[in-house]
*Asks:* 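Encoded as structure tokens, here's the structure I'll be asking about.
Note that the coordinates shown come from a computational prediction; the quantities given were computed from them, not determined experimentally.
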Amino acid sequence: MHITFFCRFWLAMTPLLLLAPALCGCRSGEEAKASRAVSKTPASGIFRDVADEAGLRFRWGHNGKSPLDIRDTTGGGGGFLDFDRDGLLDVLLVGDTVALYRNRGNGTFTDVSAQSGLSVRGHLMGCAVGDFDNDGFSDVFITGHGVTKLYRNTRKKRPIFQDVTDAAGVGRRGPYDWPTSAGFVDLDADGFLDLAVCRYVLFTPQTPQFCEMTNPAGKPIPAACPPYYYEPQKLLVYRNQGNGRYEDMSDRFPERHGNSLGIAFADFDDDGKMDIYVANDGEPGDLYHNRGGWKFQNLGTASATAYNQDGREQAGMGVDWSDYDGDGRLDLIVATYLQEPRSLYRNEGDGLFSYASFNALIGEVTKTSLAFGVVLTDFDNDAHPDLIFTNGHVQSNIAAINPSTSYRQPMHLFRNQGDGTFANAANEGGAVFQRPIVGRGIALGDYDNDGRMDALVVDLEGAPLLLHNEDKSSHHWLGVRVLNKAGRDAVGARITLERESGGKRVAEAQTCRGYLSASDPRIHFGLGKSDRVTRLMVRWPSGKITAVKNPPTDRYLTVKEEAR
């Protein structure tokens, strides 16, 4: 169905383990392969795309079809996960199909998709990874237009994963249900991972497929419609009952605005309970404060995270949390639309945030692109989290409508200068940050266990990008894997790292970050020039505390919650 729709707003926007108490070094068994590795001689630039040489043979794309509709250009996710628990991160890619690649430990991957059991096809979006049944092996949740699939890891070679969607009670809500980003999180601290699922808009054969835009000469051009032309779909949240089934608790979340694309979890107020931020496309953002007992309060407006610097709704896509300024409070970054600055919200404490994009020097430079994926990670191990954005327009023929921009756009890389500001580091990033792509999903993970964070990026019109971190600095680092009493990754555990100098760093174990993607659950700390850490304090989702004194550095450690 074609319509005539002159959208002034849209046109305006387009140009514009155990040691006492619980510690072990990575030196034997499963963790042996996660020890410090010797890196190869780096090429020019911090990151090098090694996807092809690593054997990731996968492609997204539309075979030259244009224009593309809103469903065509929104998806594309992937993730890092250790599905076989060998201490090496494997790769999951989500397009029209799902591909699984096993890490061989030598910088290359083997395609095991045929025996994976991940047989779903369609207009897929992304993935979430988490051990929902507490058997120690990562399970997979796949989203898409009309697609919702939960796969349990069987721990077998064939099939690796089994479809348990219906048995778990998390199936789709009709043929046009449109889940997007999703994540596993323990919201009630019962030791089982709950599931939160963003949903976008109601897009059916009866709704407008294209809208008519005009170029500078006044020529009408059909293109993908903006999201507000459709009925919003809204966030779903499921409680894990601990018996393989989930219970729908969505009505416990007030004022769900819908059009949801991005989601990330953090205990932003340090009260021991996990909170949720949902980025909505053209609707106010939702910050759900967890008050315990499955009671949640939407503090989006009250916290000043619902709107941009002008007090307006923004096109929120990818989301991440990190303490970028080192004050011990987790801050929020949201990827946004063209001519909207990326929104950096500085956590001021007491449930309040300040809009920090321009003070942090990322406001003006980011307005020239349209971002979907975003992650905060310390790529040079200098103890300050840096920024990566994946960029690309939503309209495949945008250059014909607005010649000043393009469908394919280079990624952004910003170095944290340690004073609350960021510097554009695209030139330092390497050739891969000069290459225009249609950037969508992004996941973080140290796939070669060398202590430098790598990234997996989706190019919606091409092949995956595996960004191998080849930073030349000699900075120190510490990686921590936290396991709960059941032996699964303790998603939501908070680590406070204390330095000899008296400084502290705070981070949480989360797999849900970026956009449509799942990241390494291990916590990574860059330490800069000093290799001395006096103590790690681990606060588990249960509220218990584990202290580890004088941990060794430049390696991965495993800390396990005591059973008592």
*Asks:* Under the salt bridge (charged side-chain N to carboxylate O under 4.0 Å, His left out) test, which residues partner Asp380, sequence neighbours left out?
*Replies:* Arg415
*Asks:* How far apart are the C-alpha atoms of Tyr556 and Trp477, what are their side-chain angles, what is the distance that settles it, and do they pass the ring pair (Phe, Tyr, Trp, His ring centres under 6.0 Å) test?
*Replies:* CA-CA 9 Å; Tyr556 283 99; Trp477 59 278; 5.0 Å; yes
*Asks:* With Tyr288 as reference, evaluate Phe265, Phe253, Phe296 under the ring-ring contact (aromatic ring centres under 6.0 Å, His included) test and give the passing residue.
*Replies:* Phe253
*Asks:* Look only at the side chain of Asn469 and the backbone of Met453, and say whether a donor-acceptor pair between them is shorter than 3.5 Å.
*Replies:* yes
*Asks:* Do Glu561 and Ser542 have side chains that approach each other closer than 4.5 Å (heavy atoms only, starting at C-beta)?
*Replies:* yes
*Asks:* Is there a side-chain contact between Leu465 and Arg435 in this structure, where contact means two heavy atoms from C-beta onward sitting under 4.5 Å apart?
*Replies:* yes
*Asks:* Taking atom types as modelled and ignoring hydrogens, do the side chains of Trp321 and Asp331 form a donor-acceptor contact shorter than 3.5 angstrom?
*Replies:* no
*Asks:* Give the C-alpha distance, both sets of side-chain angles, the deciding distance and a yes or no for side-chain contact (heavy atoms from CB on, under 4.5 Å) between Leu536 and Leu478.
*Replies:* CA-CA 11 Å; Leu536 291 176; Leu478 175 60; 4.0 Å; yes
*Asks:* Quick one: does any side-chain atom of Asn484 pair with a main-chain N or O of Arg488 as donor and acceptor, under 3.5 Å?
*Replies:* yes
*Asks:* Can you see which heavy atom on Cys127 is nearest to which on Gly79, and at what distance?
*Replies:* SG-N, 4.1 Å
*Asks:* Taking all heavy atoms of Gly328 and all of Asp323, pick out the closest pair and write down the distance.
*Replies:* N-OD2, 2.8 Å
*Asks:* Can you confirm whether the side chains of His475 and Asp382 place a donor and an acceptor under 3.5 Å from each other?
*Replies:* no
*Asks:* Any donor and acceptor pair, going by atom type alone, linking the side chain of Asp186 with main-chain N or O of Gly191 inside 3.5 Å?
*Replies:* yes
*Asks:* With sequence neighbours left out, write down each residue that passes salt bridge (charged side-chain N to carboxylate O under 4.0 Å, His left out) with Asp190, or none if nothing qualifies.
*Replies:* none
*Asks:* Do Asp471 and Asn381 have side-chain N/O donor and acceptor atoms under 3.5 Å apart?
*Replies:* no
*Asks:* Find the distance between SG (Cys512) and CD1 (Ile276) and round it off to the nearest 0.5 Å.
*Replies:* 9.5 Å
*Asks:* Going from OH on Tyr101 to CG on Leu456, what distance comes out if it is rounded to the nearest 0.5 angstrom?
*Replies:* 10.5 Å
*Asks:* Would you confirm whether Asp325, through its side chain, and Gly420, through its main-chain N or O, come within 3.5 Å as a donor-acceptor pair?
*Replies:* no
*Asks:* Are there over 12 heavy-atom neighbours, none belonging to Asp419, within less than 6.0 Å of that residue's CG?
*Replies:* yes
*Asks:* Would you check if the side chain of Ser519 reaches a backbone N or O of Leu444 as a donor-acceptor pair within less than 3.5 Å?
*Replies:* yes
*Asks:* Can any side-chain N or O of Arg494 pair as donor or acceptor with the backbone N or O of Met537 at less than 3.5 Å?
*Replies:* no
*Asks:* Does the pair Arg539/Asp270 count as a salt bridge with the N-to-O cut at 4.0 Å?
*Replies:* yes
*Asks:* Can a donor-acceptor pair be found, under 3.5 Å and without considering hydrogens, that links the side chain of Ser357 to the backbone of Arg342?
*Replies:* yes
*Asks:* Do Pro410 and Gln434 come within less than 4.5 Å of each other through their side chains, counting heavy atoms only?
*Replies:* no
*Asks:* I want to check something: taking the side chain as every heavy atom from C-beta on, are Leu299 and Phe268 in contact at a cut-off of under 4.5 Å?
*Replies:* yes
*Asks:* Go through the steps to decide whether His289 and Asp269 satisfy the test side chain to side chain donor-acceptor pair (under 3.5 Å), and finish with yes or no.
*Replies:* CA-CA 9 Å; His289 180 230; Asp269 58 349; 2.6 Å; yes
*Asks:* Rounded to the nearest 0.5 Å, how far apart are CE of Met249 and CZ of Arg239?
*Replies:* 6.0 Å
*Asks:* Let me confirm one number: the CG-CD1 distance from Asn359 to Ile362, rounded to the nearest 0.5 Å.
*Replies:* 11.0 Å
*Asks:* Please report the interatomic distance CG(Leu88) to CZ(Arg104), rounded to the nearest 0.5 Å.
*Replies:* 12.0 Å
*Asks:* Under 3.5 Å, is there a donor-acceptor pair between the Gln314 and Ser343 side chains?
*Replies:* yes
*Asks:* Taking all heavy atoms of Leu413 and all of Asn424, pick out the closest pair and write down the distance.
*Replies:* O-OD1, 3.5 Å
*Asks:* So Phe389 and Phe372, ring pair (Phe, Tyr, Trp, His ring centres under 6.0 Å) or not? Walk me through it.
*Replies:* CA-CA 7 Å; Phe389 294 99; Phe372 271 87; over 10 Å; no
*Asks:* Would you say Asp531's side chain and Asp554's backbone share a donor-acceptor pair under 3.5 angstrom?
*Replies:* no
*Asks:* Can a donor-acceptor pair be found, under 3.5 Å and without considering hydrogens, that links the side chain of Asn391 to the backbone of Gly439?
*Replies:* no
*Asks:* Strictly distance-based, threshold 3.5 Å: is any side-chain N or O of Asp82 a donor or acceptor partner for the main-chain N or O of Asp86?
*Replies:* yes
*Asks:* Thinking salt bridges, do Arg346 and Asp327 make one under a 4.0 Å N-O criterion?
*Replies:* yes
*Asks:* Do we see a donor-acceptor contact under 3.5 Å between the side chains of Asp446 and His524?
*Replies:* no
*Asks:* Between Gln309 and Pro341, what is the shortest heavy-atom contact and its length?
*Replies:* OE1-CG, 3.6 Å
*Asks:* Of all the heavy-atom pairs spanning Pro521 and Thr511, show the shortest one and how long it is.
*Replies:* CB-CG2, 3.7 Å
*Asks:* Within the 3.5 Å criterion, strictly below it, is a donor on Asp286 or Asn298 matched to an acceptor on the partner's side chain?
*Replies:* yes
*Asks:* Would you please say whether a donor-acceptor pair under 3.5 Å links the side chains of Arg513 and Ser322?
*Replies:* no
*Asks:* To the nearest 0.5 angstrom, please state how far the OG1 atom of Thr180 sits from the CG atom of Leu235.
*Replies:* 9.0 Å
*Asks:* If we count only N and O atoms by modelled type, under 3.5 Å, do the side chains of Glu348 and Ser354 hold a donor and an acceptor together?
*Replies:* yes
*Asks:* Ile442 vs Ser517, test: side-chain contact (heavy atoms from CB on, under 4.5 Å). Steps then yes/no.
*Replies:* CA-CA 6 Å; Ile442 182 170; Ser517 301; 5.6 Å; no
*Asks:* Using side-chain heavy atoms (C-beta onward) and a distance below 4.5 Å, is Asp489 in contact with Arg481?
*Replies:* yes
*Asks:* In the structure I gave you, are the side-chain heavy atoms of Leu557 and Pro552 within less than 4.5 Å of one another anywhere?
*Replies:* yes
*Asks:* Of Val140, Val129, Ile160, which meets side chain to side chain contact (heavy atoms under 4.5 Å, CB included) against Asn153?
*Replies:* Ile160
*Asks:* Counting the benzene-type ring for Trp, do Tyr355 and Tyr345 have ring centres under 6.0 Å apart?
*Replies:* yes
*Asks:* Between Asp267 and Lys273, is there a salt bridge with N-O shorter than 4.0 Å?
*Replies:* no
*Asks:* Do Tyr447 and Val91 touch side chain to side chain, with heavy atoms closer than 4.5 Å?
*Replies:* no
*Asks:* Are any of the side-chain heavy atoms of Val482 and Arg522 separated by less than 4.5 Å?
*Replies:* no
*Asks:* With side chain to side chain contact (heavy atoms under 4.5 Å, CB included) as the test, pick out the partner of Tyr515 among Val319, Leu261, Thr390.
*Replies:* Leu261
*Asks:* How far apart are the closest heavy atoms of Leu100 and Leu92, and which atoms are they?
*Replies:* CD1-CD1, 4.0 Å
*Asks:* Between Asp84 and Arg102, does any NZ, NE, NH1 or NH2 come within less than 4.0 Å of an OD or OE carboxylate oxygen?
*Replies:* yes
*Asks:* Begin from the C-alpha positions of Ser530 and Arg499 and carry the test side-chain contact (heavy atoms from CB on, under 4.5 Å) through to its verdict.
*Replies:* CA-CA 9 Å; Ser530 172; Arg499 306 295 298 272; 3.2 Å; yes
